[in-house]
Amino acid sequence: MDRFIELIEDFGAPQKIVVEITEQEGVEDFERLFKIVKKLRKLGVLIAIDDFGSGYSNMMFILQLQPDYIKIDGKLIESLYTNNQSLTFVKSIVAFAKKHNITTIAEFVSSEKLAKGVKELGVEIGRAHV
């Protein structure tokens, strides 16, 4: 971690760095994670939660991390029009994020219909699956 911090400091533009925390990966020491995120924030680094909706989806965890971005899991986006529960969940993620000033990113936006749909739901950024 010390070396990572040194590299960020040497980079000279930490506000251009986004560190992603993947929801699918098990976090064993939340206190350590929160301390690391706090240190990164002091440097100006942005924080993103990746694959949100695929794992623990704990809103309290999100509130404690205070990410700049939430990347909504691609499986939820892909099934937006085929699974009513996915649609409801994405709507709730977007509403939660807006209330807490978090930018939302939809992953796996693979068609014009999905691009239009996520935009109508209030998602700020759509990413195609490559």
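As a basis for the values below, the full set of heavy atoms in this structure was taken, side chains included, without hydrogen atoms, waters or symmetry mates.
Under the 4.5 Å side-chain criterion, counting only non-hydrogen atoms from C-beta, L114 is in contact with Y81. Residues F11 and L43 fail the side-chain proximity criterion, which asks for heavy atoms closer than 4.5 Å.
Considering all non-hydrogen atoms of both residues, P67 and I102 come closest at O-CG1, 3.4 Å. Residues I77 and A106 come closest through the heavy atom pair CD1-CB, 3.7 Å. Counting all heavy atoms, side chain and backbone alike, V109 lies closest to G126 at CG2-CA, 3.9 Å.
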Could you pull out all donor-acceptor pairs under 3.5 Å where a side-chain atom in residues 84-93 meets a protein atom, sequence neighbours excluded?
unit_1 : atom_1 : unit_2 : atom_2 : d
S86    : OG     : S79    : OG     : 2.7
T88    : OG1    : N84    : O      : 3.0
S92    : OG     : F89    : O      : 2.7

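Heavy atoms of other residues, nucleotides or ligands lying less than 6.0 angstrom from CD of E9 number more than 12. Other residues, nucleotides and ligands contribute only 12 or fewer heavy atoms inside 6.0 Å of the CG atom of N101.
Considering CG of D50 and OH of Y69, their distance stands at 13.5 Å, rounded to 0.5 Å. Taking CD1 of I8 as the reference point, atom CG of L40 lies at 5.0 Å (rounded to 0.5 Å).
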What do the steps show when you test R3 against E6 for salt bridge (charged side-chain N to carboxylate O under 4.0 Å, His left out), and what is the final call? CA-CA 5 Å; R3 179 66 181 136; E6 284 177 29; 3.3 Å; yes
Given the rule in the side-chain contact (heavy atoms from CB on, under 4.5 Å) test, do T104 and F52 qualify, once you have shown the distances and angles that lead to the verdict? CA-CA 10 Å; T104 50; F52 190 77; over 6 Å; no
Apply side-chain contact (heavy atoms from CB on, under 4.5 Å) to residues K75 and D51 and explain how you reach the verdict. CA-CA 9 Å; K75 290 180 180 84; D51 297 327; over 6 Å; no
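Both I36 and I62 belong to a single network of hydrophobic side chains, linked directly or stepwise wherever heavy atoms of I, L, V, M, F, W or Y lie under 4.5 Å apart. Hydrophobic clustering, with ILVMFWY side chains joined whenever heavy atoms are under 4.5 angstrom apart, groups V94 together with L63. Cluster membership check: I72 shares its hydrophobic cluster with I47, using side-chain heavy-atom separations under 4.5 Å among Ile, Leu, Val, Met, Phe, Trp and Tyr. In this structure, V123 is a member of the same hydrophobic cluster as L80, with clusters built from ILVMFWY side-chain heavy atoms closer than 4.5 Å. No chain of hydrophobic side-chain contacts below 4.5 Å, direct or via other Ile, Leu, Val, Met, Phe, Trp or Tyr residues, connects I125 to I21.
Listed by first and then second residue, the side chain to side chain donor-acceptor pair (under 3.5 Å) pairs involving residues 32-43 are R41-D68 (not counting sequence neighbours).
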